[in-house]
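Both backbone and side-chain heavy atoms feed into the values below; hydrogens, waters and symmetry mates do not.
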Amino acid sequence: MQAKAKKRVSLVVSNVVLAIFLLLTLVPVYVMIVNSFKTPNQMLDGVLFFSFPLHFSNYADAFKRIFDYIWNSVTIAVVATVGITLISAITGYAFGHFEFRGKKILFALIILNMMIPAVLTLVPSYLVVVKIGLYDTHFALILPYFATGSVMGIYLVRGFVEQLPKSVFEAAKIDGVSEFRCFTSIAMPLIKTILTTVSILALLNVWNDIVWPMLVLEDNALKTIPLGLLEFNQQQGANKGALFAGYILASVPLLIYFVLNLRNFMDSLVEGAIK
């Protein structure tokens, strides 16, 4: 009986803690949504509740000002996320499936990049981008994202590939299936869930990055949404309602992608916990 009572108490405490963290996460989002429909004068009356009339013009103004920035971010994020996911899948499969000389050393060198603070690589990366003539282009963002974003992905994919049953691949090879077909037709479907997680992590990193775009982009027409929101904030001044609306519009592509891939993401968490 005491064990059951302790288990119930532990469960209640865990639920309370999770509820508190959930509340702390959702309250700022709620406040942002509420105030995105307000004028500066309405915000003076309080920020926790809606004030009528609702000003949908804030969204129209924000959309007009930041649409080009959102489009730039979508373009860069799609290319970078697809590239990072493919690199992670191919390289992670190679490290997890094959045996070759120097495998452990090479993998250790790749993982070593996870231990180096990103800020330490800014100056060397900037010098390389300028030297090869990519400064003030979208390639100055995409190529470094390929390099830095795929490290975590390789680590995650390699762990999942190592858990795949070798007998499946051996049986396929006996039937004459090529190595490429083994990767595309057998491995890829089996690691689809972890690739979803890799793509979500890559997308979040690319979409929210502000430091690197600030260093390598000068042309306003090329800037991404974090830089666009920064400039929008300076332009709006006291009209924070339109700025909040801009934040919400900027998060819509991320929410859409996450909702579409929520099932695979949850499956990857379950599989990772089991393994």
Check: F37 ring centre within less than 6.0 Å of Y59 ring centre: yes
Report the relative orientation of the aromatic rings in H97 and Y93; use parallel for angles under 30°, tilted for 30 to 60°, perpendicular for over 60°. parallel
Do W207 and I70 come close enough that some side-chain heavy atom pair is under 4.5 Å? yes
Taking transitive links into account, so neighbours of neighbours count too, which hydrophobic residues share a cluster with L18 at under 4.5 Å side-chain distance? none
Do F183 and F169 come within less than 4.5 Å of each other through their side chains, counting heavy atoms only? no
Do I142 and V211 share a hydrophobic cluster, counting only Ile, Leu, Val, Met, Phe, Trp and Tyr and linking them when any side-chain heavy atoms are less than 4.5 Å apart? yes
Side-chain donor-acceptor distances from residues 43-55 under 3.5 Å, at least two apart:
none

Throw together a table of side-chain donor-acceptor distances under 3.5 angstrom for residues 213-230, partners on residues two or more places apart or in other chains.
from : atom 1 : to   : atom 2 : distance (Å)
E218 : OE1    : Y135 : OH     : 3.4
D219 : OD1    : A221 : N      : 3.1
N220 : OD1    : Y69  : OH     : 3.1
N220 : ND2    : Y69  : OH     : 3.1

Going by side-chain heavy atoms closer than 4.5 Å, which hydrophobic residues are tied to L22, directly or by a chain of links? L26
Considering only heavy atoms from C-beta outward, does the side chain of L195 approach that of F160 to under 4.5 Å? no
Measure the OG-OH distance between S36 and Y247 for me, rounded to the nearest 0.5 Å. 12.5 Å
The complete set of side-chain hydrogen bond (donor to acceptor under 3.5 Å, both in side chains) pairs with one or both residues in residues 139-149, sequence neighbours excluded, reads Y145-D209
Running the 4.5 Å side-chain criterion over Ile, Leu, Val, Met, Phe, Trp and Tyr, what cluster does I105 land in, apart from itself? L109
Is the backbone of L122 close enough, under 3.5 Å, to the side chain of S125 for a donor and an acceptor to pair up by distance? no
